[in-house]
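Here the structure comes first, spelled out in structure tokens, and everything after it is commentary.
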Amino acid sequence: MILVFYISLAIVLISILLAIKNRNKISIAIRFFAGGIFLALLIMTYAKNASSSLVNFFTVLQIGTLDADYGEVFSNLLDYESAFVLFYSVLAIFAPIVLGGTLFSFFDVVMQPLSFKLLRKRRDCYIFTELNKNSYLLALSIVKNTKKSLIAFVNAKENDENLIQNVKQQGFLFFNATEKDFIFNSKYKRYYFSISENESENLSISLKILDNYINQKKGKDDFSSVKIFLKSEQEETELIFNKINKKNLEVIIINQAQSIANILLYEFPMYNVLNREEKLLDVLIVGGGKTGRAILKNVLIYGQLGSDYRLKVKLIDKDADYVKSVMSKECPEFNNKNYDIEYFNADIRTNEFIKVLDEQCKTCNYIVVCLQTDELSIQTALYLKKYYASKNIHELKIPMVVTRIMDEVKSENLKLKTFNSSKELLSFGTDANLFSFENLLDNPLDKLALNVHSSYCKISKNIIDRKEIIKNYYKNETNRKSD
């Protein structure tokens, strides 16, 4: 009995210490404390009256049956033990129902970080500093494309309960830790992801991880298996990391808008719409937000196809003047007269939009729609397809219309409904596509750029030869997704 007492006391003390450690997160601290107290009481009760308490446990269980003789049940209880034991017997049944979640959390919070410490040096580790929709999508993609990977979310904030349940059902680890707690040496991969919507927090956490690795007193200086991914669209982020001696630790900055723009041109190359006779690439971008501006920059850079082809670009936005001013600050080089860019103020839900289409966009052959919501983007893209179809009844000059759809389910459903149809709606840039293993960890664009550059450097300086080798390379190796 003395041993049982000390075990119970130890459980209470541990629960108090864990509650104090998590005092900044009240709900977790309460779970630790309540779970420890209840577990200690339960152990002491059954240790003192193990046999009689077990009988009372099943006797009280009879109360819940429909055909029980309640008089007989209660007389049996009084025969076995006093009301004191009856209280603990009832407690044994109903307390776990009330505090079951507390007990589960108690064990779960203890076992999750322990599992991480036991497994982290035996597997490739993918560690997320926040649980959100995008980090969960990326975790699913990693599991799908890797073997025996360890997925851990190390900032267990009170979050969407459905998301938390999904994470636990997938077998991912979910617990609280500081940056120092998940810095360790291993021969396996250690990838860290700070991809919350708070870019300042992403930067702060990533800098702490980097600093802890570089300045650790023990361990090797070889960090070739360590990568830090952070989501940021701020120019200063790259400048900050460029000034730091990262040794051979790699930092990948995820610029969401730029990644979406890259995906667009990879999946739907502009040269697919070129007409050999007219030799005109006339691009219309509907929407001038961050994504729209990133697409505009890409079009202006990669749409330069030589003196034989003309590039015209138009952008429509309800505040196009603001978009123009931002572009002038971010990319003053595009103010050059050599770039044919026009900005039009028009709300797509008004007749202004139709007027701009009628007067300024008759020759467009490549159209991109990227608005605030999927619903608005889809409606606008469908309208544009109908508009150009009605204007070109007797001619085959309907432009390619591509729209950004964030939701993967909507994107797939639209493809299924319009497949092999003249009303086909082309989409790109879903969140699942953007935050995926293929895009972030196994990006084909990086390999493509290196391969083209390698092939380009090996040939002679003859301009004709250079053009031909690049043309053949793209034709034979790289455009499988675009065919």
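Computed from a prediction, not measured in an experiment: that's the story for all the values here. For reference, positions follow the sequence shown, starting with 1.
Every residue meeting the side-chain contact (heavy atoms from CB on, under 4.5 Å) condition with Thr146, not counting sequence neighbours, appears here in chain and number order: Tyr126, Ile142, Ser149, Phe437.
Under the 4.0 Å criterion applied to side-chain N and carboxylate O atoms, Lys133 and Asp431 are assigned as salt-bridge partners. Ion pairing between Asp358 and Lys391 holds under the 4.0 Å rule for side-chain N and carboxylate O. A salt bridge links Lys410 with Glu375: the distance from a Lys NZ or Arg NE/NH1/NH2 to an Asp or Glu carboxylate oxygen falls below 4.0 Å. The pair Asp282-Lys314 meets the salt-bridge criterion, since a charged nitrogen lies less than 4.0 angstrom from a carboxylate oxygen.
No hydrogens or angles considered: nothing links the side chains of Ser427 and Thr403 as a donor-acceptor pair under 3.5 Å. Between the side chains of Asn433 and Glu438, not a single donor N or O lies within less than 3.5 Å of an accepting N or O. No side-chain N or O of Ser141 forms a donor-acceptor pair with one of Ser436 less than 3.5 Å apart.
Relative ring orientation between Phe268 and Phe428 is described as perpendicular, the plane-to-plane angle rising above 60° on a 0-90° scale split at 30° and 60°. Between Phe172 and Tyr136, the two ring planes are perpendicular [angle over 60°; tilted spans 30° to 60°].
Crowding of Lys318 atom NZ: a count of heavy atoms from other residues, nucleotides or ligands under 6.0 Å not exceeding 12. Taking a 6.0 Å sphere around CG of Asn351, one finds it holds 12 or fewer heavy atoms contributed by other residues, nucleotides or ligands.
Taking both residues in full, the closest heavy atoms of Ser206 and Phe241 are given as CB-CZ, 4.1 Å, listed atom of the first, atom of the second, then distance. When every heavy atom of Ile195 is checked against every heavy atom of Asn132, the shortest pair comes out as O-ND2, 3.5 Å. Here the closest heavy-atom approach between residue Leu274 and residue Leu280 is recorded as CD2-O, 4.0 Å. Leu434 and Ser259 make their closest contact through CD1-CB, 3.3 Å (heavy atoms, listed as atom of the first residue, atom of the second, distance).
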Please table the atom pairs, donor to acceptor, closer than 3.5 Å between any side-chain atom in residues 113-120 and protein atoms at least two apart or in another chain.
unit_1, atom_1, unit_2, atom_2, d
Ser115, OG, Met111, O, 2.9
Arg120, NH1, Asp181, O, 3.4

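Paired with Val313 under the rule side-chain contact (heavy atoms from CB on, under 4.5 Å), one option of Ile295, Leu296, Leu284 passes, and it is Leu296.
Taking the six-membered ring wherever Trp is involved, the centroid distance between the rings of Tyr192 and Phe182 falls below 6.0 Å.
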